[in-house]
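Below is one structure; the comments refer to it alone.
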Amino acid sequence: MIDLLSKTDNIRIDLLQNKLLDESKISVSMLRLDLIDPVISGNKIFKLSYFLDEAKNSFHKLIITFGGAYSNHLAATAFACRKAGIKSIGFVRAEKPKELSHTLLYCLENGMQLEFISRELYKNINEEKFHGELIKKYGDHTLIPEGGFSQKGADGAKLICNYFNAENYSHICCAIGSATTIAGLIKGSDSEAKIIGFPVLKNLNDVEEKLELLGIESSKVSSIIYEYHFGGYAKRNNNLISYMNSFYMDNKIPLDFVYTGKMMFGVYDLVEKKYFPEGSNILCTHTGGLQGNKSLPEGMLNF
Ligand SMILES: *Cc1c(COP(=O)(O)O)cnc(C)c1O
């Protein structure tokens with residue numbers, strides 16, 4: 001595998017501490033993919049890995065991909081491409097702002113060429129015609145769909161399963177954006193463990209269909225829990241922020257407010273509601289994304 005994944009040595013599993021968990025006789029552990037790097041969040045680097053291999057071994061050595069102004073995927077792609085000696089172009093879903101977000105500045109620092117396109121045009125990014133225009137303009141390249149959503153992205157995410165033994169757990173939890181990561185977890189953990197996904201977008205009600213597009217039969221999907229999006233993508237409220245602060249006090253583990261904070265809030269809430277049977281042994285994947293917290297007002301988080 002590509003050498004920039006070498007910091008995967010840092011990955012470990014932590015047992016979470018909390019009174020509620022003790023009282024409920026439920027064990028919750030966390031797979032610390034965030035420890036790979038604070039910026040290139042854990043799951044992103046896995047989803048990218050086969051695309052990077054392909055681009056690195058190609059003649060063109062160019063990756064083109066897409067994302068929003070705070071996209072963890074764009075940041076990870078820029079970083080990984082620089083490390084691997086691949087040129088990267090990121091299409092950003094926005095008019096060019098006067099002041100670039102910290103994420104986009106990071107992308108520029110890592111040598112990514114940014115192209116801003118309107119939300120209207122952005123709707124066409126998965127169409128043949130749009131891809132044809134990209135080839136005309138930039139020549140041959142490796143195209144990564146938004147969020148890595150593809151068979152290749154899911155196969156990359158499947159590599160996450162090398163870092164835990166699914167047979168040790170009753171449930172495996174994961175935040176859902178494009179559903180590529182959970183697809184990899186389902187493909188890779190051949191055990192009785194139930195795989196539970198927490199969508200972080202409000203109108204993401206087609207996760208099952210998305211998984212089918214990635215070759216996952218719906219019978220393999222244990223549960224998608226739609227109640228913890230907090231109003232939509234990157235939306236938040238005080239409950240979420242104070243939960244993240246108390247989680248940090250208990251465990252000294254930082255969560256991000258877009259993905260892992262919402263998943264963990266959901267897991268604890270479900271424990272409280274007795275969703276999980278006593279004796280459950282739950283593994284939650286910390287998929288990283290911590291760079292996103294930089295968009296919060298200073299002092300809001302205690303870490
Ligand atoms: C992108 C991201 C996810 C969602 O992954 P998908 O494969 O798009 O479902 C989860 N957690 C974090 C921290 C992310 O950055």
Side-chain angles (χ1 to χ4, degrees), residues 11 30-51 65-80 90 103 106-107 144-161 172-188 195-201 204-211 213-216 221 224-226 228-230 232-234 236 240 244 247 253-267 283-296:
I11 296 173
M30 185 159 246
L31 178 66
R32 301 288 308 280
L33 302 179
D34 59 308
L35 294 175
I36 298 174
D37 188 280
V39 176
I40 48 153
S41 28
N43 68 330
K44 295 297 184 284
I45 209 71
F46 286 98
K47 290 198 286 184
L48 288 172
S49 89
Y50 291 116
F51 291 105
T65 194
F66 311 90
Y70 294 93
S71 163
N72 292 330
H73 168 70
L74 282 186
T77 305
F79 174 90
T103 308
Y106 177 87
C107 290
I144 309 183
E146 186 176 31
F149 182 77
S150 58
Q151 206 69 251
K152 213 180 279 175
D155 285 340
K158 185 177 160 186
L159 300 169
I160 294 171
C161 299
I172 296 169
C173 300
C174 173
I176 297 183
S178 68
T180 313
T181 303
I182 196 168
L185 291 177
I186 295 170
K187 283 183 177 206
I195 300 191
I196 303 185
F198 293 84
V200 302
L201 290 90
L204 196 72
N205 34 32
D206 59 345
V207 172
E208 276 90 351
E209 286 157 46
K210 287 197 149 111
L211 289 173
L213 286 176
L214 296 178
I216 312 270
V221 185
I224 308 294
I225 299 185
Y226 289 97
Y228 298 100
H229 57 65
F230 285 81
Y233 186 72
R236 59 182 157 87
L240 177 65
M244 287 166 62
F247 185 88
I253 300 177
L255 300 172
D256 82 296
F257 80 100
V258 182
Y259 294 97
T260 54
K262 293 181 180 180
M263 164 187 69
M264 290 314 300
F265 186 101
V267 170
L283 182 71
C284 299
T285 40
H286 193 319
T287 36
L290 296 169
Q291 67 94 24
N293 286 346
K294 284 194 196 151
S295 68
L296 294 175

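In listed order, ligands and their atoms are each counted from 1.
The protein non-hydrogen atom at the shortest distance from atom 5 (O) of ligand 1 is Asn43 ND2, 3.1 Å. Considering only non-hydrogen protein atoms, atom 14 (C) of ligand 1 sits nearest to Lys44 NZ, 2.8 Å. Closest to atom 13 (C) of ligand 1, if we only count protein heavy atoms, is Gly288 O, 3.2 Å.
The minimum heavy-atom distance linking Ile253 with Met30 is given by the pair CG2-SD, 4.0 Å. Residues Ser150 and Thr180 share a closest heavy-atom pair of O-CG2, 4.1 Å.
Put simply, the side chain of Thr287 never gets that close to the backbone of Asn43: no donor and acceptor are under 3.5 Å apart. Side chain of Asn293 to backbone of Phe257: a donor-acceptor contact under 3.5 angstrom is found. Panel note: side chain His73, backbone Leu48; no donor-acceptor pair is recorded below 3.5 Å.
Close contacts of ligand 1 with Asn72, meaning ligand atoms under 4.0 Å from a residue heavy atom, involve 14 (C), 15 (O). Taking every heavy atom of Gly289 and a limit of under 4.0 angstrom, the matching atoms of ligand 1 come to 13 (C). For ligand 1, the atoms sitting less than 4.0 Å from at least one non-hydrogen atom of Thr287 are 10 (C), 11 (N), 12 (C), 13 (C), numbered in the order shown with element in parentheses.
For the pair Tyr259 and ligand 1, the shortest N or O to N or O distance does not fall below 3.5 Å. In terms of N/O distances under 3.5 Å, ligand 1 is not approached by Ile176. Some N or O of Thr181 is nearer than 3.5 Å to an N or O of ligand 1, by distance alone.
Partners of Val258 according to the side-chain contact (heavy atoms from CB on, under 4.5 Å) rule, which considers only residues two or more places apart in sequence or in another chain, are Tyr233, Ala234, Asp256.
Val267 is not listed as a side-chain neighbour of Tyr228, based on a closest heavy-atom distance of 4.5 Å or more.
Under 4.0 angstrom from ligand 1, there are no non-hydrogen atoms of Val258. Contacts between Ala179 and ligand 1 below 4.0 angstrom, taking non-hydrogen atoms only, involve the backbone exclusively.
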Which is it for Phe247 and Phe265 under the side-chain contact (heavy atoms from CB on, under 4.5 Å) test, yes or no, and what are the steps along the way?
CA-CA 9 Å; Phe247 185 88; Phe265 186 101; over 6 Å; no
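Contact annotation: Lys47 has at least one heavy atom less than 4.0 Å from an atom of ligand 1.
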